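Following: one structure in structure tokens, then a few remarks.
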Amino acid sequence: MQNLIEFLREGVVTVDFTKVDGAPRTMNCTTSEEIIPVQNIIKESSKKKNDEVAVVWDLDKSAWRSFRLDSVNSFKYNEYAWSKEAEFFKGRAM
């Protein structure tokens with residue numbers, strides 16, 4: 001998931017994940033301060049940081065959103081694509 005965090009800092013990532021209620025969700029998001037509107041950039045938060053959760057700017061909803069990193073099913077950034085399914089089968093004989 002380190003790639004995902006790095007890509008979010010660089011630009012817009014399309015993330016497919018499963019919400020806490022079990023519903024699938026696709027989100028175009030970022031943490032890049034070059035993309036987030038200036039008035040929405042938060043420098044510090046009083047909330048305790050949770051390394052299992054990504055807090056991102058949702059470009060489609062123009063709002064801050066979050067998702068659990070272990071709920072990510074796939075993500076795409078430019079030409080790079082990752083999926084939980086492909087990762088599971090990597091190196092396994094079929």
Side-chain angles (χ1 to χ4, degrees):
M1 284 299 142
Q2 190 59 38
N3 281 346
L4 174 58
I5 302 302
E6 290 173 17
F7 294 152
L8 285 165
R9 288 187 195 125
E10 293 175 17
V12 178
V13 181
T14 301
V15 180
D16 290 309
F17 63 97
T18 304
K19 294 173 32 175
V20 175
D21 67 4
R25 169 98 152 84
T26 300
M27 180 172 25
N28 294 306
C29 53
T30 189
T31 58
S32 171
E33 292 186 4
E34 294 176 7
I35 298 170
I36 300 168
V38 174
Q39 66 272 23
N40 297 106
I41 295 175
I42 300 169
K43 292 291 182 187
E44 293 182 29
S45 175
S46 59
K47 289 186 176 183
K48 184 179 174 190
K49 183 167 172 31
N50 183 344
D51 291 331
E52 297 175 8
V53 174
V55 178
V56 298
W57 181 255
D58 182 336
L59 280 85
D60 300 321
K61 296 197 177 204
S62 296
W64 288 101
R65 296 287 187 259
S66 63
F67 56 86
R68 295 189 55 78
L69 292 171
D70 62 1
S71 74
V72 174
N73 299 313
S74 65
F75 66 87
K76 294 178 187 166
Y77 176 69
N78 294 336
E79 301 299 316
Y80 183 90
W82 178 91
S83 77
K84 189 180 282 186
E85 185 176 292
E87 191 69 23
F88 176 78
F89 288 110
K90 185 188 291 183
R92 295 177 187 248
M94 296 298 284

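Note that the coordinates shown come from a computational prediction; the quantities given were computed from them, not determined experimentally.
Annotation: the span from Lys61 atom NZ to Asn28 atom CG amounts to 12.0 Å, rounded to 0.5 Å. Of the inter-residue distances, the one linking Met27 atom CE with Asp60 atom CG reads 9.0 Å to the nearest 0.5 angstrom. Note: Glu34 CD to Ile41 CD1 = 9.5 Å, rounded to the nearest 0.5 Å. Taking CG of Leu59 as the reference point, atom CZ of Arg65 lies at 12.0 Å (rounded to 0.5 Å).
By the neighbour-count criterion of 12 heavy atoms within 6.0 Å, atom NZ of Lys76 is sparsely surrounded, having that number or fewer from other residues, nucleotides or ligands. Shown here is Glu79, whose CD atom has no more than 12 heavy atoms of other residues, nucleotides or ligands within 6.0 Å.
For Ser32 against Gly11, the heavy-atom pair with the smallest separation is CB-N, 4.3 Å.
Checked options Asp16, Asp58, Asn73; the residue passing with Arg25 is Asp58 (criterion: side-chain hydrogen bond (donor to acceptor under 3.5 Å, both in side chains)).
The side-chain heavy atoms of Thr30 and Val13, taken from C-beta on, include no pair separated by under 4.5 Å. Taking 4.5 Å as the limit, every side-chain heavy atom of Glu6 sits out of range of all side-chain heavy atoms of Tyr77. With a 4.5 Å cut-off on side-chain heavy atoms, Ile35 and Trp57 do not count as touching. Using a 4.5 Å heavy-atom threshold, the side chains of Phe17 and Pro24 count as separate. A 4.5 Å side-chain heavy-atom check between Ile5 and Leu69 finds at least one atom pair inside the cut-off. Counting heavy atoms from C-beta on, the side chains of Trp64 and Ile36 come closer than 4.5 Å. Using a 4.5 Å cut-off on side-chain heavy atoms (C-beta onward), Val56 and Phe67 make contact. Proximity of Cys29 to Val15: side-chain heavy atoms (C-beta onward) are separated by under 4.5 Å at one or more points.
Here the side chain of Asn78 pairs no donor or acceptor atom with the backbone of Tyr80 at under 3.5 angstrom.
The aromatic rings of Phe75 and Trp82 sit parallel, their planes meeting at an angle under 30°, below the 60° perpendicular limit.
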